[in-house]
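Okay, so here's the structure we're looking at.
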Protein chains: 2
Amino acid sequence: MQLNSTEEKIKKAALKVFSDKGYAQTKTRDIASNAGVNISTLHYYYRSKDRLFKMVSDEVFEKFNKISHDILDADIPFEEKIRRFVSDYTDFYKANPKLASFIIFESERNPEKVFDNIDFERFDQKAERELRQLIQRGVIRPISYPNFVLNMVSMTVFPFLNKHMLHKFNGLTEKDFEDLLEERKIMVPQMIIDHLYLK
Amino acid sequence: MQLNSTEEKIKKAALKVFSDKGYAQTKTRDIASNAGVNISTLHYYYRSKDRLFKMVSDEVFEKFNKISHDILDADIPFEEKIRRFVSDYTDFYKANPKLASFIIFESERNPEKVFDNIDFERFDQKAERELRQLIQRGVIRPISYPNFVLNMVSMTVFPFLNKHMLHKFNGLTEKDFEDLLEERKIMVPQMIIDHLYLK
DNA sequence: TGCGGATTCAATCAATTGATTGAATCAATT
DNA sequence: AATTGATTCAATCAATTGATTGAATCCGCA
C-alpha cells in the first residue's frame, strides 16, 4: 500500500480519531471527514467500523510489542534493559502521544476487539525467566514478575494517560512536560534499580 | 434521599454502567434496565444522560478528593503520608475497582463533563509546599512536585487500569491480584522513600 | 478513442438511542 | 371515598449513525 493513498489516509485518520475519542465515541463520519473522503469510501476499503478498528489496533500493538522484543533480545545487562525499556517506551509515546491511552483504554474497554492474535507470551516467558534467575543468584531482591513489570510500565506510561490533568491542574506547559519526561528517563530506572539490586 | 429509593437505584446502576463501559458506550437503556426501571423514569429523575453522568462523577470525585485531603491534614510525618496515600487509595480502589478507570478514562475522554467545580488546587498547594520545605532542609533529594506525584499515583493506580491484561496475560486469579496489591502497599512506599530520603 | 476495472460519491436505509408525551398507578391527606 | 401530587410506564419522536446502493468519475491500456 503506497503512502498517502486514500486507503492509508483513512487508516491514519482512523488512528487519530480512535485514540482521541475512543472506540464508542468515534463516528465513521468523523474518520471520513478527517481523511477528507466520503463515508462510503471508508466502507469500500474497510467494510466496517469494527474491521477498520481491528486493522488500526493490530498495527499499533505490533509496534508496541516490537519494542519489548527488541530490548529482550538485546545482549545487554538486565539493568540496562530496564533503562532502555523506560527510555524507548517514553520515546515511543512521545512520538505518538495518543497511543498510550489507546492501548490502555481500548484493551480494557474493548478487549474482544483488540485481542485476537496478540502474543504477550513469548515476551513474558523470557523476561520472567531472566528475572527469576537473578533472584535465585541473589543479585536482586525477591519480587514477583507482575509486580516488577507493573512498577516499570506504570511509571513509564502513566504521564501520558494523565496529560490533560497535568496540564490543567499542575499548569504544565508542553515544554515542561517534555522536560519532565526526560527527567523520568533517568529517575524511574534508577528508582527501580536501587530498589531491586542488592549492592 | 433514602437508600434503595428508585432515584438511588438509578444512580448506582449509572455508576456501574458508566464505569464498566465509559460514557459514550453507555446507553440510558442499559442504566434503566440495570436499575430495573423504565427509561422515562430515569429521565424523570435526572432529566438527561449528561446530568446523570455529572451527578455520578461529582460524587466519585468527592470521595476521591477526600482521601487526599484527609491524609494531608493528618499530623503525621511525610514518610507516613506516602504510606497512607498508597494504602488508602489501594483500599479505595479495591472497594470500588471500577473507579480507577472511571476517573482516569473519563477525565481524559470527557474533561468538560467531569471538571466543573473540582478543586485540586488546595490539595496541591499544600502538598507542594511540604515537599519543597523538605528539599530545602536537605531531608530529601530534589524532585519536582509533578514527578513526585506521578511516581506515587502511577504505581498505586495502574494495577487497576490494567486488571484485565493482568488476568489475561499473567494468568492472575482474583486472589493473586489481591495478594499483589497487599505486597504493593509495602513495596511502593518503600521504593519512593528509599529513593527520596537521604539517609 | 473506447473498454473495463477501480475508486468515489450523493442519496438513502434500517437500527439505535436520547428524550418526550400522555395516560395509568400509587400513596398520602382530608 | 375523593383529591392531589408523585411516580411509573408503553408508545412514540427526532436525530444520529453504521452501512448499502447505484450512478458517476478516474485511470491504465489496447
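Proteins get letters first, then strands, A, B, ... in listed order; numbering begins at 1 in each.
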Legend entry - Secondary-structure stems, DNA chain C, at least 3 Watson-Crick or G-U base pairs under 3.5 Å: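 Listed by first number, the stems are C:1-30 with D:1-30.
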Do the ring centers of [X] and [Y] come within less than 6.0 Å of each other?
X	Y	answer
F158(A)	F158(B)	no
Y23(A)	F53(A)	yes
F160(B)	F105(B)	no
Y89(B)	F64(B)	yes

Legend entry - N38(A) CG to dC26(D) P, straight-line distance once rounded to whole Å: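 N38(A) atom CG is separated from dC26(D) atom P by 15 Å.
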Legend entry - Ionic contact status for R109(A) with D20(B), cut-off 4.0 Å: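 Salt bridge: no.
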Legend entry - K63(B) to F92(B) six-membered ring, cation-pi geometry met (6.0 Å, 45°):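 Output no; distance or angle outside limits.
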Inset, instruction - Select from Q25(A) and R47(A) the residue whose nearest nucleotide in DNA chain D is closer to the 5' end of that strand. - result: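 Of the two residues, Q25(A) wins.
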Legend entry - Neighbour count above 12 (heavy atom, 6.0 Å) for I76(B) CD1: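 Enclosed: over 12 neighbouring heavy atoms sit under 6.0 Å from CD1 of I76(B).
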Legend entry - Over 12 foreign heavy atoms within 6.0 Å of NZ, K16(B):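 No, because the 6.0 Å sphere around NZ of K16(B) holds 12 heavy atoms or fewer from other groups.
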Inset, instruction - Classify the ring geometry between Y145(A) and F148(A) as parallel (under 30°), tilted (30 to 60°) or perpendicular (over 60°). - result: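 If you compare the ring of Y145(A) with that of F148(A), the planes turn out tilted.
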Legend entry - Contact residues, residues 26-36 of chain B to DNA chain D [heavy atom, < 4.0 Å]: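 Result for residues 26-36 of chain B: none.
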Inset, instruction - Provide the start and end nucleotides, 5' to 3', of the part of DNA chain C that has atoms under 4.0 Å from heavy atoms of chain A. - result: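 So the contact region on DNA chain C extends dA6(C) to dA10(C).
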Inset, instruction - Could you tell me whether the side chain of S87(A) and the main chain of R83(A) form a donor-acceptor pair under 3.5 Å? - result: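 Between the backbone of R83(A) and the side chain of S87(A) there is no qualifying donor-acceptor contact (under 3.5 Å).
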